[in-house]
Every structure is written in C-alpha cells, then in structure tokens.
Amino acid sequence: MAITVVDVLGAQYQTTRAADAKCSELLRRFGYKHRYFAARLAIARSLSLPDSPPQEDGEDDPATPIRGQQLFRDTADAAAWLAIVSEAAGKDDLTLADFKKLIARHWGRGATLLMQDWEDAKGDLSTFVAKLAELARLPAEGYTSRGGVGLDRTSVPAAVSVPIGEDAATGERVVWAVNAKGSAPHSALMGASGKGKTTTAITLLRALHEATGVPVIVFDLKADLTQPDKALDRLLGASVVSPRTAPIPLDVLHLSDRSQNEITIAAQKLCDMLSALKGSGFGPTQKNLFVEAAERALRAHVPCTLEHVRNSLRALYDEQGRNPDGATNTLDGLCRLPLFEPSLSPAEFFRRSWIIQLPDALSQSVRVSVVTLIAEALNRHLSELGDAPADAEGNRALRVMFVIDEAHNVLETHLGAVGHLLRVSRSRGGAVMLISQRPDDFDAADADFLADMGLILSFQTNAKAKSVERLFGKGANVATLGRGEAWVKMGEAARRVVVWR
C-alpha cells in the first residue's frame, strides 16, 4: 500500500547506534542539543549523492527512535521529504516500510559523510556550511525565493503594487506601490469588528505573498486566522505554532557576533524589553543584576535560552544573598511555559511563513514578550544582511513581512523592537503590518508607529476626532463611513476609498 504524509508523520525512525553517536558528536560541536537537527542534516547530506545508500553495518543495533512529527515537523515538510526520498529511490509507490528503511540508511550514510565534511573543514563552521551550501546548489550567503524576494543579499528587486479599491468620489483605481522609491512598505489597518479590516489584511497579504513569495510572520492574538473562513495558513503555506501547546522553534537570542560588546548590547536590550512589561518591578539595581546575569548566560551557552538567563539570574542573586524580586519573578513567569526552542536559527526561521497564535489564555506579559523578542531577533538578522538591493527605479526588494493582528492588545505596552523595525527595516527589506480597531489605539504607544507607514487605512469605527484628524486630516470622519468604505492615506494625501462592495 502506498505511503501517505499522515503515515510519514505517525511513524518512528531510527538509525544505528554508531551513526547516532556521530550525530551526537556533531551536535556537540555545533552547539545544538536536539537529535532531530542532526538527523535531518544527515539525511539531506546523503540525499546529495546520486546513488542509493547501502545497508549499514549495525542495523541490528538500532538507536533510540525519533517520532515523525519531530523529524519532519509538519505536513508540508513531510510531503517534501517524502517526494525527495521517493525521487532519489526512483519509486513513486513506496510503502511505509520502504520509506523507513531508506530514511535509516540515508541517516547512517549522511552521518559518516558529515563527520568527514567536518574534518575536511578542519572544524571551521563557515567552511563546513559553505561546503553544504555548494552540495545543495544554493548560494552560500542565503537563498532567493520566487519573485525576487528572499532573506539574503542576492535578492532581485521588482516593483510590487497591490490594489486597494476605488476612489469614492472619482471612481479612480487606488493602488499601493508597496516597495517603490519614496514609499514605506509598512501598513496600519483599522476598523471595528466585522467592518472588513481582517479580510482586507488577508487579501493584501495573499496578494503580496503570491506576487513575491515573501515570508510572512503573523502574530494571531485571537487565534482565529486559521479557521476555515480565513485559512490564512493555507493561503500563505504557513506553519502554525502556539507557545500554549508547543514552543516556537527559534533560537530567539541568537548572536552571530559573539564579541563582548555585542553580548553586552544584547543583554541590555533584553533587559530593556522585559523591564518595560507591566508590573515587572525592575529598579536600577535589578536592571544592573539582570544585565550581568544575561551576559553570563549569553557567554556560557550557545544557543542561549530564556531559561539559561533565568538560571543565571537566580545564581547571581544567591551569590549576593538577595531575595527574589520583580526581576526574578518576571523571568520565572516567562519560563513557566517553554516559549522558545532553539531548533532553527533566525536565517532558517525567517525564510518561512509562520502564524504564531497568542490567544488571551496566555498572560499579557507572555504575549508582549513573544512579539518583542521575535521582533528583536528579526532586527538583528536583517541588520546582518544589510540593505536590500534596489533596482534602477528605486524599488526595494522585500525580505520578510511582520504582522500583528489585534495589535491594540499590545500597543499600550512599550514595543521598542517593533518601533525599530518600522524605522530601520525598510532599507533592509522588512515590512510591518499592524491591524487594530481604532486610530486612537496608537495614541498609547511610546513610539509614533504611524509616522513610518506607507499605507494607513481605517474602516468604520468609533475613535477620538483628534486621532482621526491626526491621521487623515480635517474633515475625516471614520464613524460615518459606509459599508466597505475606508479612509486611506498613502504618503501625504488622504481620501475616501471603496475597498469592497
């Protein structure tokens, strides 16, 4: 009977003990701890060879198995692995037993090949990665996705425009030139519940993704964007994850530059983010201790997790005979759930689309922390990539879209990392979309989020007249808008637009 993706995810896979020991040694040298990371890498390395893997010595002495859901993660990835292994085997009717045997043999052969690659690279990680990139026929600095969009320096820019609607007075077609010279790729969409803001956001995101292939990172604070009536995960080909049920697979504290100055800066930024949480209770003394503890953790652990920082802070408090306080309590609260698992580097994580569900069952501090920590990880990653290329007309290549739905739930909290994305990421290919209920939701934000928006759109909603006029000018009234109508501002000009009928 032919295998299905459900079969692939439900099965267990194992290699020989000897091959597993080689993978464990590689993990130690890379600084990773999860077995499935080395297993995937070994299988992929074996698949780079044109011939089928032979029977491994020691197949009668198998290692501890790994579940398919860990090894292949989700249905999209599992389908890709199944297709690649089937093609390499020259068979499109593999049984589950065939597939498991091939995985075991690729895993075993790949472990041996990776150890040899590491020795050939003389233990230099960059040389090792360059070798693997060459074998995969990918550019060593990154990748380029369809439509000239990718998280690397070689992305090819192209003009990207999406339709918004028709001018209510003239009937003229209204189009947003997302990445054009002089325009910002950031957007803010507002409107009362049921007035069309979420549907419009989904339409824009789908159009951008289909035109460019740009990865989209969506924070879903109502956990409803994957429901059948929206199905944003299917439209974007996105993986869905929620720290309520499973950790987000991102090395969120990753540092490419591990110099002392960069470690200190990262520790200070982490302190700034967490001390801004409501009720965190960070005073000057707590901040100094937190930064010292975070520096210790970042120096000692690669990858470094929030749990490492928490343990380092506890140890520092014990050294000084201090009792628990706001700083330790804040970290304890964030570490009650495993929010992050460092199985993917930022380069790996941000080249895929994700829907990160943060329902109100999670505490406000957890929701805000997840958003800001991922925003800061993206800031660091885009900074490493440098400016995205622009074409002769000044169209800037897009690299990633960062979206917060129901953003009013977090806007009242200081979101410095998101503000930095808005101010700086435009030149680096980043785009931010904030979806909220009213223009005055942005009044409480410390940063002027709306000053850097290329598109501001509001459907009917109740809002302070002062907030509306600040966005759209005198005479604008979002409370009296008709069905499907919105006030839209792109650049300096604002007008009334029929977005949908």
Side-chain angles (χ1 to χ4, degrees), residues 8-73 77-78 80-82 84-85 88-89 94 96-136 247 249-251 254 258 300-305 307-308 338 340-345 347-348:
V8 170
L9 290 173
Q12 296 198 32
Y13 303 85
Q14 54 195 154
T15 188
T16 65
R17 287 186 183 275
D20 193 55
K22 293 174 184 176
C23 288
S24 296
E25 177 61 18
L26 285 167
L27 286 176
R28 185 188 68 77
R29 297 180 185 185
F30 298 158
Y32 285 88
K33 64 181 180 179
H34 299 288
R35 289 178 67 223
Y36 53 76
F37 174 83
R40 289 181 204 146
L41 194 60
I43 296 165
R45 178 63 178 90
S46 177
L47 285 164
S48 70
L49 300 184
D51 59 321
S52 296
Q55 180 174 341
E56 286 281 315
D57 292 335
E59 286 189 4
D60 56 349
D61 185 24
T64 303
I66 295 179
R67 291 185 297 111
Q69 286 182 323
Q70 280 190 311
L71 187 57
F72 301 116
R73 299 202 64 82
D77 282 3
W81 281 105
L82 176 57
I84 293 168
V85 171
L94 291 179
L96 181 58
D98 293 334
F99 184 74
K100 290 175 65 175
K101 183 183 294 184
L102 285 167
I103 287 296
R105 292 181 178 178
H106 279 299
W107 189 347
R109 180 171 72 173
T112 300
L113 292 169
L114 287 174
M115 287 297 290
Q116 185 60 54
D117 293 335
W118 182 261
E119 296 302 324
D120 292 344
K122 297 181 172 55
D124 180 73
L125 184 58
S126 61
T127 303
F128 176 77
V129 171
K131 169 69 178 297
L132 297 186
E134 180 183 350
L135 289 168
L250 169 63
D251 183 3
H254 175 83
R258 299 193 53 76
H301 300 282
V302 180
C304 183
T305 66
E307 288 75 16
H308 288 139
F340 295 96
E341 176 185 69
S343 54
L344 296 177
S345 69
E348 295 168 321

Applying salt bridge (charged side-chain N to carboxylate O under 4.0 Å, His left out), run through Arg109 and Asp51 and close with a yes or a no.
-> CA-CA 11 Å; Arg109 180 171 72 173; Asp51 59 321; 3.4 Å; yes
Is there a donor-acceptor pair closer than 3.5 Å between any side-chain N or O of Glu348 and the backbone N or O of Ser345?
-> yes
Does Gln14 use its side chain to pair, donor to acceptor, with the backbone of Ala63 at less than 3.5 Å?
-> yes
Heavy-atom closest pair, residues [X] and [Y]:
X: Pro249; Y: Leu344; answer: O-CB, 3.0 Å
X: Ser46; Y: Leu113; answer: CA-CD1, 4.2 Å
X: Ser52; Y: Ala88; answer: OG-O, 4.2 Å
X: Thr16; Y: Ala19; answer: OG1-N, 3.1 Å
X: Gly110; Y: Arg45; answer: O-CG, 4.1 Å
X: Leu102; Y: Ala89; answer: CD1-CB, 3.8 Å

Chi angles and distances behind the salt bridge (charged side-chain N to carboxylate O under 4.0 Å, His left out) call for Lys22, Glu25 = CA-CA 5 Å; Lys22 293 174 184 176; Glu25 177 61 18; over 6 Å; no
At what distance, to the nearest 0.5 angstrom, does [atom1] of [X] lie from [atom2] of [Y]?
X: Cys23; Y: Leu41; atom1: SG; atom2: CG; answer: 8.5 Å
X: Ile103; Y: Asp98; atom1: CD1; atom2: CG; answer: 12.0 Å
X: Gln70; Y: Ser343; atom1: CD; atom2: OG; answer: 10.0 Å
X: Leu82; Y: Leu94; atom1: CG; atom2: CG; answer: 7.0 Å
X: Trp107; Y: Leu71; atom1: CH2; atom2: CG; answer: 6.0 Å
X: Phe128; Y: Asp120; atom1: CZ; atom2: CG; answer: 10.0 Å

Tell me, do [X] and [Y] make a side-chain contact under 4.5 Å, heavy atoms counted?
X: Phe37; Y: Leu27; answer: yes
X: Asp251; Y: Glu341; answer: no
X: Val302; Y: His254; answer: no
X: Ile84; Y: His106; answer: no

Applying side-chain contact (heavy atoms from CB on, under 4.5 Å), run through Ile66 and Gln12 and close with a yes or a no.
-> CA-CA 6 Å; Ile66 295 179; Gln12 296 198 32; over 6 Å; no
Taking the six-membered ring for Trp and the full ring for Phe, Tyr or His, determine whether the centres of Tyr13 and Phe72 are under 6.0 Å apart.
->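 Yes - the distance between ring centres of Tyr13 and Phe72 falls below the 6.0 Å cut-off.
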Show the numbers, then the answer: is there a salt bridge (charged side-chain N to carboxylate O under 4.0 Å, His left out) between Arg29 and Glu119?
-> CA-CA 12 Å; Arg29 297 180 185 185; Glu119 296 302 324; 3.2 Å; yes
